[in-house]
Structure formats: C-alpha cells, structure tokens
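A short write-up of the structure that comes next.
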There are 2 protein chains.
Amino acid sequence: MSRSTSFAVAIHLLVVLSHANRKFVSSETLAAGVQTNPVVVRRVLARLRNAGLVDSQPGVLGGSRLAVKAIDISLLDAYRAVRTGSLFSLHTPAPDCPIGGRIPEVLGENLALAEEAMEEFLEEVSIEELAGEILPGYSDDLRH
Amino acid sequence: MSRSTSFAVAIHLLVVLSHANRKFVSSETLAAGVQTNPVVVRRVLARLRNAGLVDSQPGVLGGSRLAVKAIDISLLDAYRAVRTGSLFSLHTPAPDCPIGGRIPEVLGENLALAEEAMEEFLEEVSIEELAGEILPGYSDDLRH
DNA sequence: TAAATCGTAACCACTGTAGTTGCAATTAAA
DNA sequence: TTTAATTGCAACTACAGTGGTTACGATTTA
C-alpha cells in the first residue's frame, strides 16, 4: 500500500549513523549501503535534519551524523520525519447522502485511532534497540 | 502515504448495504453515494465478494447485498479484503553491508508488529458499530 | 586554489489508481 | 419471447507519486 520506501531508508540511515560515533558519513557512503543514489539519500537526510534527528556539513570531510543519541530516537520519530500524509486515504462521498455526509468524520476518526495504535508501537522501539538487534556490538568507524 | 481510497470506499459500501436489509443495491446507486463510477464500485465489490462479505446478482433487480451480518464484519475484514500489500515497503539494501544485510529481516519484523497493532484496533470495530455512529436508527429501503 | 561534499532544482521513467468505454452474460418483466 | 437492467471484466487513458539521474552553486578542508 505504502509505495514509498523512505521510512525504511530513514531507519537504515539512522542505524548506520548510530554506529559512526558522531563522525560525519558522506551521502555516497550511505548510498552504497542503502543501494541507491546519493541524491535519494540526501533527500531523506533533509527530512531527518528538519526533524532535528541528524545534522550535516558540506565540504571535504563533510557528511551527516546523528544530532540525538540513538537511544533517544524512536521509530516513530523517523516515521513522522519522513511521512507525507496520513496512513489511510479517504474518498469524497456525496455530501447530500445521509451516509456519505458523515463518513469522512466518523471513518476519519476511527482510522486516525488505528493509525495511533500503530504509532504507539513505533514509539516503543528505539534506533539503539534496532541497531542492537541488527549488529550487536558493531561500532566501526565508517568515516571515509 | 496510502494513495488508495479503496478501503474507505469499501467501508462506505458495507455501511450502505447494512442499511438495505438484504435487498440488492445496484452499483449505480452505490456509486452515487460514493461519488464515483459504477465500475470503480464493482471493482471494490469484487474484492468484498471474494472475501465472502457480500454477494451479487446480475440482471434487472440485481445488485449486491451483505453476505454476513453487519455486526460480524470488522473493519479488519474489510481492510484485508481490499489491501494489496503490506503497510510499509522495504527497500533492498546491499546484502554485503553488515547492516544492510540484516535490515530486511529485523526491520521487517518490527514493521509487521506495528501493522499488527493497527489491525488489532480495526478488528474491534464492526460495520454495525460504525453504521450506528454514522446514522443511528436509519434503515430505509435503498432498493431501486 | 583544488577537491570533496552538500542542498536543491529539474527532468525522466515507472507504477499504481481512478475514471471511462465497451461488451458478453444473466435475470426479471412486459 | 423479446426487452431492459444489471453484473463481471477487459482495455484504455489521465494523473500523481516515487526513485533515479544530471547539473550546479555554495561550503569547507587540505
């Protein structure tokens, strides 16, 4: 349903950065792991930067790094940073239909609650935790 | 994110049908309320039919009706009937990268759990309940 | 000054969605 | 038996979102 992989890419980037010990990692290095184009990576990084999760620096030895400790970044933080709309899309029914007229309100409410249930789960998982599941103990220097 | 409105349309159709007392409602009538094309409605109805939630009949006086009581249809039933993939999409990272190699497994697991949390919410809301919120007491004959 | 990197705009290709038309099959009514 | 209303489904189009790519000015270090 969600055709976009930005969320998965965002998580991937954050996990990699969490292993880089605040050293700047270039978008090219990151793109190699994500297996995509550096510009695509920078687009996702831009979102994460706007959300205050990473910071970046241009120039030789430039790149991006975590702006917040991995244990303080939840999957929900990443989700909110990159999401473009709500999980479910409503249609626009006939407003003069007795049912259609109230569908957006009632259904919208219920779907928002469903989305909230999902977000509450995401909130409980941190990048640190995820990184631990992925690579226990790994902390190489990925810089250049 | 989810560009498709099929789920919302499906709910709308089920709520309308729940007010029709097992009488057949034509896709044209349904399309008027949903404010779309009858073929679009029939496409969603086809999914609901495959899931055993409605049945249809061609010919004059034909149409669709609930195959199951509204109280026995959950939003999750409708969701599963029309969904085309999982809620989140994964990317395909470099398998030789120590992190990328395990991202699909670990992240996939976590996102599946997040999706489950949402589904558990949907499971608790029935079409009957939703119809009650939308139009308490309404049960006109919508047939032709 | 040169090289590496970022941020961002611009463009292209692919894909999924909704809308639309068309038609054979089915069913009820005249 | 014929006519009309309806379904199911295939095929086509238009539109929008996504990812990939190129390009270029700005920034920073060596």
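Excluded from the calculations below are hydrogen atoms, water molecules and symmetry mates; all remaining heavy atoms, backbone and side chain alike, are included. In the text below, chain A, chain B and the rest are named by the order of the sequence lines, each starting its count at 1.
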Whole angstroms only, please: what is the [atom1]-[atom2] distance between [X] and [N]?
X      : N       : atom1 : atom2 : answer
F24(A) : dT27(D) : CZ    : P     : 16 Å
N50(A) : dC6(C)  : CG    : P     : 16 Å
D55(A) : dC6(C)  : CG    : P     : 13 Å
L90(B) : dT18(D) : CG    : P     : 16 Å
R47(B) : dT17(C) : CZ    : P     : 9 Å
L30(B) : dG8(D)  : CG    : P     : 11 Å
F7(B)  : dA18(C) : CZ    : P     : 14 Å
L13(A) : dC6(C)  : CG    : P     : 12 Å

E119(A): which residues meet the salt bridge (Lys or Arg N to Asp or Glu O under 4.0 Å) condition with it, sequence neighbours left out? R80(A), R83(A)

Residue set satisfying salt bridge (Lys or Arg N to Asp or Glu O under 4.0 Å) with R47(B), at least two apart, ordered chain then number -> none

Residue pairs, two or more places apart or on separate chains, that pass ring pair (Phe, Tyr, Trp, His ring centres under 6.0 Å) and touch residues 108-128 of chain A: none

Under 3.5 Å donor-acceptor pairs involving side-chain atoms of residues 32-42 of chain B, not counting sequence neighbours:
unit_1 : atom_1 : unit_2 : atom_2 : d
N37(B) : OD1    : V39(B) : N      : 2.9
R42(B) : NH1    : S27(B) : OG     : 2.9

Is D55(A) salt-bridged to R65(A), cutoff N-O under 4.0 Å? yes

May I ask you to decide if the ring planes of F7(A) and Y79(A) are parallel, tilted or perpendicular, using 30° and 60° as cut-offs? perpendicular

For [N], take OP1 and OP2 only and decide whether either is under 4.0 Å from a side-chain N or O of [X].
X      : N       : value
S56(A) : dG7(C)  : yes
R49(B) : dG8(D)  : yes
T5(B)  : dA18(C) : yes
S6(B)  : dA18(C) : yes
T36(A) : dG20(D) : yes

Begin with the C-alpha distance, continue with both residues' side-chain angles, and end with the deciding distance and a verdict on side-chain contact (heavy atoms from CB on, under 4.5 Å) for N110(B) and E133(A). CA-CA 11 Å; N110(B) 278 274; E133(A) 284 184 55; 3.8 Å; yes

Under 4.0 Å from any atom of DNA chain D, heavy atoms only: list the residues of residues 37-46 of chain B that qualify, in numerical order. V39(B), R42(B), R43(B)

Using a cut-off of 6.0 Å, state whether more than 12 heavy atoms not belonging to Q57(B) lie near its atom CD. yes

A quick test of your reading: do over 12 heavy atoms of other residues, nucleotides or ligands sit less than 6.0 Å from CD1 of I71(A)? no

For nucleotides 26-28 of chain C, give me every protein contact, N/O to N/O, under 3.5 Å, one pair per line with atom names.
unit_1  : atom_1 : unit_2 : atom_2 : d
dT26(C) : O2     : G59(B) : N      : 3.4
dT27(C) : O2     : V60(B) : N      : 3.3

